[in-house]
Participant: 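I'd like to ask you about the structure that follows.
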Amino acid sequence: MAEQGVASVWRRIKAIYTIQGNMCKTCGSYYFPPRPVCPECRRKGKLELYTFKGLGTIYSYTVVRQAPEDFKRQMPYVIAQVELDEGTRLTAQIVNVDIENVEIGMRVRACFRKIKEFGQGGIIAYGYKFEPTMKVTGHKEKSSPKQKEP
Amino acid sequence: MVGIVGFGVYVPRYRIKTSDIAELWGEDGEKIGPGLGVFEKSVPGPDEDVATISVEAARNAIKMAKIDPLDIGAVYVGSESHPYAVKPTGTIVAEAVGCSYNMTCADFEFACKAGTAAMQAAMGLVASKMIKIGLAIGSDTAQGRPGDALEYSAAAGGAAYLIGQKNPLATIEETVSFTTDTPDFWRREGEDFPSHGARFTGEPAYFRHVGEGAKLLFAKTKTTVDDYDYFVFHMPNGKFPVAVGKQIGVPKEKLEDSLVVRQIGNTYSGSAMIGLARILDIAKPGSKIFMVAYGSGAGSDAFSITVEDAILESRGMVPTVDDYIQRKTYVNYATYAKYRRKIKALG
Amino acid sequence: MRNRVAIIGVGMCKFGELWEQNLKDFTLEAGMYAIFDAGVPGSDIDGMVIGNMSAGRFTGQEHLGAFAVDMGGLGDIPAYSVEAACASGGAAVRQAYMAIKSGEHKVMLVLGSEKMSDVNQTEAMNTISVASDWEWEGMFGATFPALYAFMARRHMYEYGTTEEHLAMPTVKNHANAAHNPWAQFQSPVPIDVVMKSGLLADPLRVLHSAPVTDGAAGLVMCSEDLAKKYSDTPVFIEASDQSSDTLALHDRKSITTMNAVVSSTRYALKEANLELKDINVFELHDSFSIGEIILTEDVGIAKKGEGGKALEEGITEIGGKFPVNPSGGLKARGHPVGATGVAQIVELALQLRGDAEKRQVDGAEKALAVNIGGTGATSIVHILGR
């Protein structure tokens, strides 16, 4: 037995901290979170660990205005499906942005934040959120939506 | 020689104006900024803490240094606001930046100089060839009790330094420390906010220790103020570093560039280290930097640093201190209170 | 002729916030209603299935099979509890369908039930969230409305669907529910009220979302050859089909279509040897109004991207060519998650029997229900006929 969140977060730490998924050497598909089986190739698939570059575009998004208690301090917050440059999507909060500026196609990069606290005395789960690319993220100033970084 | 092979900083996006804090408590908002030398301070987002700030700064440092994180042999994080009282911040940082499992790691605490203490420890391991590269971080999300004088300056930010011997951007010729038992500022276990000795934090604490540390370093390196182009002192506010500079005889222009406290407040363990980063962002090769960090309790760590040619190639790779200072969004006191957990009912 | 599965009795409790009743009380009520409606002696029932999503978290009670058989006084018959998130009810119907088809059971009681109002908002939201991919969506802050908001935002982006369109299913379904005595909300709501209701997750608003509801629904099912013994008005299950898709919404190639709905509908029509135009009435899973728009397209009532237009043109109103959710749907009848799939079948059986009173779709011969689990990871389609 383990305290709430401890083992379930710990065993995913690599994936959550560094966006580590896998790619199938047979068909070239990328997966995040890592999949146990390549759904395209099944037994012919050859999955290898792959750390994503952490760059992508917003595929769809919303502003959460009603959330469970542990997200109250952050409300309202932006959450999105981010399409990573490698071609797979994940779900993450978008931070360091004004709500009115978020749009489909916006360029974003991964940053490191607190994801969830398992109560005040419980463990803290850290991991990826995304923020718009800009000078302070080490990217071109005001990269416009849909325009990919070199 | 041991030196800095890469560095990176991180300052959260949010700011609160000290005049807004003053007005909430019925003080004169217009006088507070100039009086304290702090006009606004950084505020961490509700999902930011010392671990997240440290990771962002460390990732910048590694990107600049172009090193393989597997070559890092030690990760030391200095802070007085570690997210866990027991359980290291350093392990979170090491895992997030992709370090090997075959390395040593610990958290440091010495009020505002925990980060420079971490630098010294890393220097020792590198110089003795126990490790190739050490990652030393100073980072804080400092808390001030609502209504307390500290609330005007306690800020959030951090800096990460990679200490190594190969191709340093700046060499560290010497470091010395001055340490006594002086209780000018403290936080007891289990307390939410620190307490301090008010005016006692000045003369017997900050000024004595920074002054003695500087004196020791001048003596040991056989240098004077004239040998240095830039000075960096710990910045609990905008007044103290200027005053100590005056005591030591530092011309204003040699101190000016490091005074990030005016725009972001006192980032505690990050304070002098972010000030140093601001100098490293702009200094020409060959420039000499004199830094004294101060930690309550009390002690000072003084460093003599020379900027090397390699620094030119490292520029433009990662965001500068100014990039972070300029990226800002103001919040009001209510939002600040929500983000900083000053609203206890929210848990 | 193939031996179809018949529905010989239907029953429900009034849906709503049932403060005075616990899970046992209203589940029993719906079950007894269905048994009386069927006119079948309890001793003839040889098996029971209950659909329920999360009684363990909502009420602290699991092992609902034994729980329901015991309180219903049904003796020692086998009892099964099935879970497929919001499609648990549909899954229960399909389990009974397969059990009867196989000959293992003759006469079965099917229940769907959920007690949701005994927990606070955080617990209710977290419990619903586990229908999506909790570790990779929910934990990262994607509430269940947020996931449907992703679909809505993308649908607006790809097809020009408007905020008016998002409000239309609510207006239609509330108008229908005004004639459904079992519905949680029996009053119409004007479009401007829907469009000004509070935002849950932009662009989705409170009145685009199904409510938190307590309730249960029940069916008595048996094989076709036995049906005549009990009932003069049996309704037959012409097809029962189910498809799966990725658990996480972000793993789908498109989030403006639900592949599981497309395929399960296609299989069901084929199994029933029908075309979509033969279907006279629909119950489509509208946990959020964007869900009804997407399902309207995915079952084939409207072309992809034109679900909003179909609503605009009144095609899906009672009296339209393809009436959708005459019961009021999940939005207005209420959405006790485990009960919904069964309640859909109750409504369609009543429609085919001509017992739907003021919300009757005239001359309905064939009916189709789509019950969704999660964000479309499970789709269960039933086609009923007279």
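Proteins come first, then strands; the chains are lettered A, B, ... in the order of their sequence lines, and each starts at number 1.
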Participant: One pair to check against side-chain contact (heavy atoms from CB on, under 4.5 Å): Tyr61(A) and Asp202(C). What are the steps and the verdict?
Facilitator: CA-CA 8 Å; Tyr61(A) 70 95; Asp202(C) 313 13; over 6 Å; no
Participant: Can the ring centroids of Tyr128(A) and Phe140(C) be said to lie less than 6.0 angstrom from one another?
Facilitator: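 For Tyr128(A) and Phe140(C), the ring centres are under 6.0 Å apart.
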Participant: Does the side chain of Gln81(A) reach to within under 4.5 Å of the side chain of Arg154(C), using non-hydrogen atoms?
Facilitator: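 SC-SC contact between Gln81(A) and Arg154(C) ruled out.
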Participant: To the nearest 0.5 Å, what is the distance between CE on Met139(C) and CD1 on Ile16(A)?
Facilitator: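 Interatomic distance, Met139(C) CE to Ile16(A) CD1, rounded to 0.5 Å: 4.0 Å.
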Participant: Output the option from Met125(C), Glu135(C), Gln121(C), Glu123(C) having the highest count of non-hydrogen pairs under 4.5 Å with chain A.
Facilitator: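 The option with the most such pairs is Glu135(C).
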Participant: Side chain, backbone, both or neither: which part of Leu249(C) has an atom under 4.5 Å from a heavy atom of chain A?
Facilitator: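 Both backbone and side chain of Leu249(C) come within 4.5 Å of chain A.
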Participant: Which of parallel (below 30°), tilted (30 to 60°) and perpendicular (above 60°) describes Trp136(C) and Phe32(A)?
Facilitator: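 The rings of Trp136(C) and Phe32(A) stand perpendicular, inter-plane angle above 60°.
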Participant: What's the shortest heavy-atom distance between Thr143(C) and Pro68(A), and which atoms?
Facilitator: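 For Thr143(C) and Pro68(A), the tightest heavy-atom pair comes out as CG2-CD, 3.9 Å.
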Participant: Is any side-chain heavy atom of Asn120(C) closer than 4.5 Å to one of Glu69(A)?
Facilitator: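 SC-SC contact between Glu69(A) and Asn120(C) ruled out.
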Participant: Would you say the side chain of Pro33(A) lies within less than 4.5 Å of the side chain of His250(C), judging by non-hydrogen atoms?
Facilitator: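 Answer yes - side chains close enough.
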Participant: Quick one: what part of Arg113(A) sits under 4.5 Å from any heavy atom of chain C, side chain, backbone, both or neither?
Facilitator: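 The answer is neither part of Arg113(A).
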Participant: Out of Val64(A), Val82(A), Asp70(A), which one racks up the most heavy-atom pairs below 4.5 Å with chain C?
Facilitator: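 Top count of heavy-atom pairs under 4.5 Å with chain C: Val64(A).
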Participant: Working to the nearest 0.5 Å, report the span between CZ of Arg35(A) and OG1 of Thr246(C).
Facilitator: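 With rounding to 0.5 Å, CZ (Arg35(A)) is 7.0 Å from OG1 (Thr246(C)).
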Participant: Any side-chain heavy atom of Thr62(A) within less than 4.5 Å of one from Tyr148(C)?
Facilitator: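 They are not in side-chain contact.
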Participant: Backbone N or O of Glu137(C) within a donor-acceptor pair of the Thr91(A) side chain at under 3.5 Å?
Facilitator: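 Not confirmed, Thr91(A) side chain does not pair with Glu137(C) backbone.
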Participant: Just checking Glu3(A): does its CD atom have more than 12 heavy atoms from other residues, nucleotides or ligands closer to it than 6.0 angstrom?
Facilitator: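 Incorrect, the count does not exceed 12.
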Participant: Apply side-chain contact (heavy atoms from CB on, under 4.5 Å) to the pair Arg153(C) and Ile58(A), showing each step before the final yes or no.
Facilitator: CA-CA 12 Å; Arg153(C) 176 87 61 189; Ile58(A) 291 180; over 6 Å; no
Participant: Side chain from CB out, backbone as N, CA, C, O: work out which of these in Phe71(A) comes under 4.5 Å of a heavy atom of chain C, or both, or neither.
Facilitator: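 Contact with chain C involves the side chain of Phe71(A) alone.
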